[in-house]
Amino acid sequence: MPELPEVETVRAGMEMAVCGKAIAEAIVRRSDLRIKVPYNFAESIRGKIVKSLARRGKYIVFEFENDPHEVAILHLGMSGRVRIYAPEDFGLFSLRKHDHIILKMEDNTTLVYEDPRRFGAFFLSRVPGVEKSNNGWRDIFPFDTMGPEPLEESWDGNALYNAVRRRSAPIKTLLLDQRVVAGLGNIYVCEALYAAGINPKHLGKDLAKAKCDALVRELKAVLYRAIEAGGSTLRDYQKTDGSSGYFQYSFHVYGREGLPCMKNGCKGIISRILQGGRSTFYCSTCQK
Ligand SMILES: [Zn+2]
């Protein structure tokens with residue numbers, strides 16, 4: 001499932017390809033995604049000039065030069081990916097079974113949204129005017145209830161400490177709650193808890209300030225490393241088939257159930273438990 005670094009990689013790849021260009025045509029081949037693609041999506045998005053692509057949590061937001069009152073919002077769901085075709089490839093690629101939405105730009109650059117499990121979403125939303133809000137699209141669904149961005153400088157150990165100090169849920173579950181902090185998913189949360197040496201079952205209210213500092217530091221580090229890995233994979237991909245999306249990243253604890261802990265001097269074995277219906281991988285010997 002794409003998490004913040006994968007979404008950021010897709011965002012950066014798409015932004016390079018479509019910024020400053022008008023959308024000449026949109027084709028919706030299937031509209032029954034997690035949120036139904038509106039019937040007028042293709043008609044409404046046609047002619048809009050892409051100004052920039054922003055990311056908030058796991059969502060990508062298209063801002064338009066010629067329509068500041070509307071944004072397009074894309075979520076990759078569980079299995080969504082975007083293929084990007086350069087103008088010179090136009091007419092040379094074929095569509096696949098799960099290609100649901102196609103955006104063709106004025107110069108024939110083409111974005112193809114593929115999503116086998118259809119848990120994703122792609123829709124347009126009105127942006128409130130300045131008389132109603134100071135933050136534009138950041139004040140509309142689904143961003144209005146979202147917690148802070150983990151890579152923002154202002155999100156520090158203190159911010160996390162204050163967000164969880166009265167919560168009796170396990171820290172792992174709290175970090176996956178998009179209202180506590182945006183964009184984190186199962187993989188990178190497991191990795192950061194492991195790196196910080198914090199037991200995922202530790203309750204939010206029992207987490208000392210120093211532990212929160214260490215956890216935030218490790219979360220930012222793991223996210224930056226993954227974004228960097230994504231960036232390099234993206235460049236490689238673009239040389240070959242023009243697609244962007246997922247990349248190779250080696251995990252220290254995620255998916256390693258039954259294998260020895262990789263920390264120097266630790267003789268622990270990685271276990272897997274279920275928390276809130278999701279698998280947590282951790283080492284009970286060095287994660288206290
Ligand atoms: Zn260990």
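Source: prediction; values computed, not measured. Both ligands and their constituent atoms are indexed starting at 1 by order of listing. Side chains included, hydrogens not; waters and symmetry mates left out as well; all remaining heavy atoms used.
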* First locate atom CZ of F123, then atom CZ of R34, and finally report the distance between them rounded to the nearest 0.5 Å. => 8.0 Å
* Structure fact -> Sorted by chain and number, sequence neighbours left out, salt bridge (charged side-chain N to carboxylate O under 4.0 Å, His left out) with D139 holds for none
* **salt bridge (charged side-chain N to carboxylate O under 4.0 Å, His left out) involving R117 - partner list, sequence neighbours excluded** => none
* Hydrophobic clusters join Ile, Leu, Val, Met, Phe, Trp and Tyr when side-chain heavy atoms are under 4.5 Å apart, directly or via other members; which others share one with L274? -> none
* Does NZ or CZ of K263 lie under 6.0 Å from the centre of the six-membered ring of Y194, at an angle within 45° of the ring axis? -> yes
* Structure fact -> Near the Zn ion (ligand 1), meaning under 2.8 Å, the protein N/O/S atoms are C261 SG, C266 SG, C283 SG, C286 SG
* Does the distance from a Lys or Arg side-chain N to an Asp or Glu carboxylate O, for E114 and R83, drop under 4.0 Å? -> yes
